[in-house]
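Below you'll find the structure, written out as structure tokens, and then a few comments.
Excluded from the calculations below are hydrogen atoms, water molecules and symmetry mates; all remaining heavy atoms, backbone and side chain alike, are included.
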Amino acid sequence: MPSLIIKKQNLKYLGLMLYMLVSSLILSNRYYFDDELFNINIMTHYSLVDILTTSKPADPSLALPFAINKLFYNHFPLSIFLPAIFINIFSLFYLFISFEKKLNKLSSKIFLSLFIFLNPSILMWCIGIRWYAYWTPLFLIAFVLLFVQKKRKYTITLCTLIFVMLTYMSYLSLLVIPVTYFNYFLLTKRRYLRELVFSVIIYSLLVSYQVYILFTVHMVNADMQRLSIIKSFFVTVMSIFTGSAIFPFEPVAVIFSVTIFALLIIYIFRVLNGKIKAHELFIPILIFFVINIILLIFSELGGKARNSIYLNVVLMMIVPIIIDTIERKYRALVLAIGVMFLLFNINNLINQENTIKSSINLPVKDLLKHVSSVQRSENQNIFIYTHDPVISYYLDNDNYQLLSYYGLVKDRNSLFHGKKGDIVIIIETYHGSISANFYQKYIKRHNEIITENLTNIEISELGYDKWYKIKSYINGGPVPEYLVN
């Protein structure tokens with residue numbers, strides 16, 4: 001019995017050590033992806049005052065995350081990921097020590113430890129410099145304060161300050177926070193109604209400026225990154241049940257998601273049939289979970305997997321509650337499936353492959369090695385055509401002459417200035433945020449014209465995507481078989 005207690009007490013430290021180890025492995029092999037380069041560009045070209053005061057009508061990204069990046073980048077340019085890592089360490093540790101007290105079985109606490117500290121969506125999206133790297137852990141802190149910890153009068157006021165900060169980070173907050181207030185009202189049964197009403201009023205006043213900007217500027221001019229309801233449904237469900245670090249049709253992902261869904265349904269039926277009593281946190285968390293799923297789908301914001309990270313973590317808080325109620329042999333089976341699922345996810349993240357984010361999957365290391373291996377004489381120049389911002393960024397850092405339609409490059413000229421005998425490398429990748437029509441009509445056609453004037457052509461393909469056929473069907477358009485051609 002004493003050894004069992006020690007094991008339970010050590011789970012939080014073991015989980016924290018695993019998080020730091022896996023995070024280090026991911027960062028050691030990590031390249032920026034396309035969205036992060038947007039942040040890098042702002043950090044290097046704008047002052048802090050410009051970031052906070054300049055409104056960009058065509059871009060719905062809010063200023064606060066950029067300001068955090070800028071402040072840290074000015075003082076610690078080589079440690080740009082540290083703010084997000086520190087916030088995540090505190091958030092995940094606080095979540096675990098608060099929630100594990102509500103669990104009874106060792107296996108359920110082990111599951112919680114693994115899927116909080118090694119949560120694939122957290123490791124993929126929140127070790128970074130985009131808004132969700134800060135928004136997600138901060139929201140989880142408020143979530144634990146409101147729904148897991150013992151309720152106190154000042155709790156809702158403290159969380160309101162966090163909510164204000166979150167609203168100046170992302171418009172997603174305007175969807176999530178009203179539901180959070182509503183759930184808190186249901187949970188406290190009007191016990192702190194005065195404090196709740198006061199907090200809602202204060203919140204509304206403090207975020208009114210950002211709401212005004214939303215409706216008068218960004219809703220009018222910006223692409224709010226909304227997809228169709230069908231795609232939003234698919235991406236939301238996928239990102240919640242399998243996360244973002246593995247393709248959802250991967251066998252281990254299918255087994256894991258079916259297992260979790262089955263556990264959820266069985267538990268609900270057992271509660272409804274009176275066979276077991278629902279855990280004190282199950283119904284409040286489930287209500288929050290379901291309402292948020294519905295809102296993400298019908299607002300069409302669920303079409304971006306990063307918008308569902310917090311719900312994936314919430315689901316991984318529900319599952320240990322269920323594990324507590326099942327037989328020992330089934331607890332071991334669920335734990336084994338979970339560990340296998342995590343191993344596949346972590347492998348993908350360390351090697352930057354087979355995630356749902358094409359820009360993360362790019363074989364940048366192999367490409368740089370391939371380009372550097374090209375043999376040339378002293379009189380030959382190498383010109384590289386690419387539209388991809390990630391590839392442009394790293395080739396530009398290696399001082400190659402880039403001619404690009406799109407991306408962070410020093411020379412954006414699309415005309416060829418070479419001479420006979422020079423080497424031309426044309427790199428084609430998935431069109432990404434560029435419309436398929438524009439890509440085909442201008443970039444692809446431009447590359448074909450260049451190719452017509454070349455001799456001794458060699459074709460290389462890097463980064464085979466085994467799921468390209470399914471992705472093409474889902475996207476409603478062709479997805480390349482290889483990530484780089």
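- Using modelled atom types and a 3.5 Å distance limit, the side chains of Q149 and S98 yield a donor-acceptor pair.
- Using a 4.0 Å cut-off between charged side-chain N and carboxylate O, K466 and E353 make no salt bridge.
- The number of heavy atoms from other shown groups lying within 6.0 Å of CD1 (I230) does not exceed 12.
- The environment of CZ in F282 is crowded: more than 12 heavy-atom neighbours from other residues, nucleotides or ligands sit within 6.0 Å.
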**Q.** side-chain contact (heavy atoms from CB on, under 4.5 Å) evaluation trace for Y267 with I321
**A.** CA-CA 9 Å; Y267 183 85; I321 292 174; 3.9 Å; yes

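- Taking a 6.0 Å sphere around OH of Y94, one finds it holds more than 12 heavy atoms contributed by other residues, nucleotides or ligands.
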Q: Just do the side chain to side chain donor-acceptor pair (under 3.5 Å) check on N361 and D465 with the steps written out, would you?
A: CA-CA 9 Å; N361 298 339; D465 186 354; 6.0 Å; no

(Q) Applying side-chain contact (heavy atoms from CB on, under 4.5 Å) to L311 and L296, what does each step give before you reach the verdict? (A) CA-CA 10 Å; L311 286 181; L296 282 173; 3.6 Å; yes

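- Counting only N and O atoms by type, the side chains of W125 and S244 include a donor and acceptor under 3.5 Å apart.
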**Q.** Trace of the side-chain contact (heavy atoms from CB on, under 4.5 Å) decision for I246 with N354
**A.** CA-CA 6 Å; I246 192 169; N354 298 324; over 6 Å; no

Q | Verdict with supporting geometry, F115 and F111, ring pair (Phe, Tyr, Trp, His ring centres under 6.0 Å) | A | CA-CA 6 Å; F115 278 87; F111 186 96; 4.4 Å; yes

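- In summary, the side chains of T355 and N348 do not present any donor paired with an acceptor at a separation below 3.5 Å, with no hydrogens or angles considered.
- Contacts classified as ring-ring contact (aromatic ring centres under 6.0 Å, His included) and involving residues 308-331 (residues at least two apart or in different chains) are given here: W135-Y310, F139-Y310.
- Between the CG atom in N345 and the CG atom in L123 there is a gap of 9.0 Å [rounded to 0.5 Å].
- Rounded to the nearest 0.5 angstrom, I122 CD1 and L349 CG are separated by 12.0 Å.
- Looking at Y154 and E195, their side chains never bring a donor and an acceptor atom within 3.5 Å of each other.
- In this model, no donor atom of one side chain and acceptor atom of the other lie less than 3.5 Å apart for S199 and Y181.
- For N39 (side chain) and I129 (main-chain N/O), a donor-acceptor pair under 3.5 Å exists by modelled atom type.
- The CG atom of L161 sits 9.5 Å away from atom CD1 of I202, with the distance rounded to the nearest 0.5 Å.
- Remark: R270 CZ to I276 CD1 distance equals 4.5 Å, nearest 0.5 Å.
- Rounded to the nearest 0.5 angstrom, R306 CZ and S121 OG are separated by 13.0 Å.
- Side-chain atoms of K70 come within 3.5 Å of backbone N or O of M43 as a donor-acceptor pair.
- Of the possible polar contacts, none joining the S232 side chain to the I229 backbone as a donor-acceptor pair under 3.5 Å is found.
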Q: I would like to know whether D35 and K357 meet side-chain contact (heavy atoms from CB on, under 4.5 Å); could you show each step before the answer?
A: CA-CA 11 Å; D35 294 337; K357 179 77 172 172; 3.4 Å; yes

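- Residues Y184 and F147 place their aromatic rings such that the two centres sit no closer than 6.0 Å.
- Within the structure, the side chain to side chain donor-acceptor pair (under 3.5 Å) test picks out the following pairs touching residues 13-31 (sequence neighbours left out): R30-E36.
- Atom NZ of residue K105 and atom CG of residue L335 lie 14.0 Å apart, to the nearest 0.5 angstrom.
- Between the T136 side chain and the Y132 main chain, a donor and an acceptor come within less than 3.5 Å of each other.
- For the residue pair N347/N351, the side-chain donor-acceptor check at 3.5 Å is satisfied.
- Under a 3.5 Å cut-off, the side chain of N183 and the backbone N or O of P284 do form a donor-acceptor pair.
- Below 30°, between 30° and 60°, or above 60°: for F241 and F289 the angle between ring planes is above 60°, a perpendicular geometry.
- A distance-only check finds a donor-acceptor pair linking the side chain of S239 to the backbone of T236 [under 3.5 Å].
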(Q) side chain to side chain donor-acceptor pair (under 3.5 Å), that's the test. Do Y203 and T167 meet it? Break it down for me. (A) CA-CA 10 Å; Y203 171 76; T167 306; 2.7 Å; yes

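- Proximity of a side-chain donor or acceptor of N88 to a complementary backbone N or O of A84 within less than 3.5 Å is detected.
- The main-chain N or O of L301 is found under 3.5 Å from a side-chain atom of N307 such that the two form a donor-acceptor pair.
- Between R331 and D324 there is no salt bridge, since none of the side-chain N atoms of the basic residue sits less than 4.0 Å from a carboxylate O of the acidic one.
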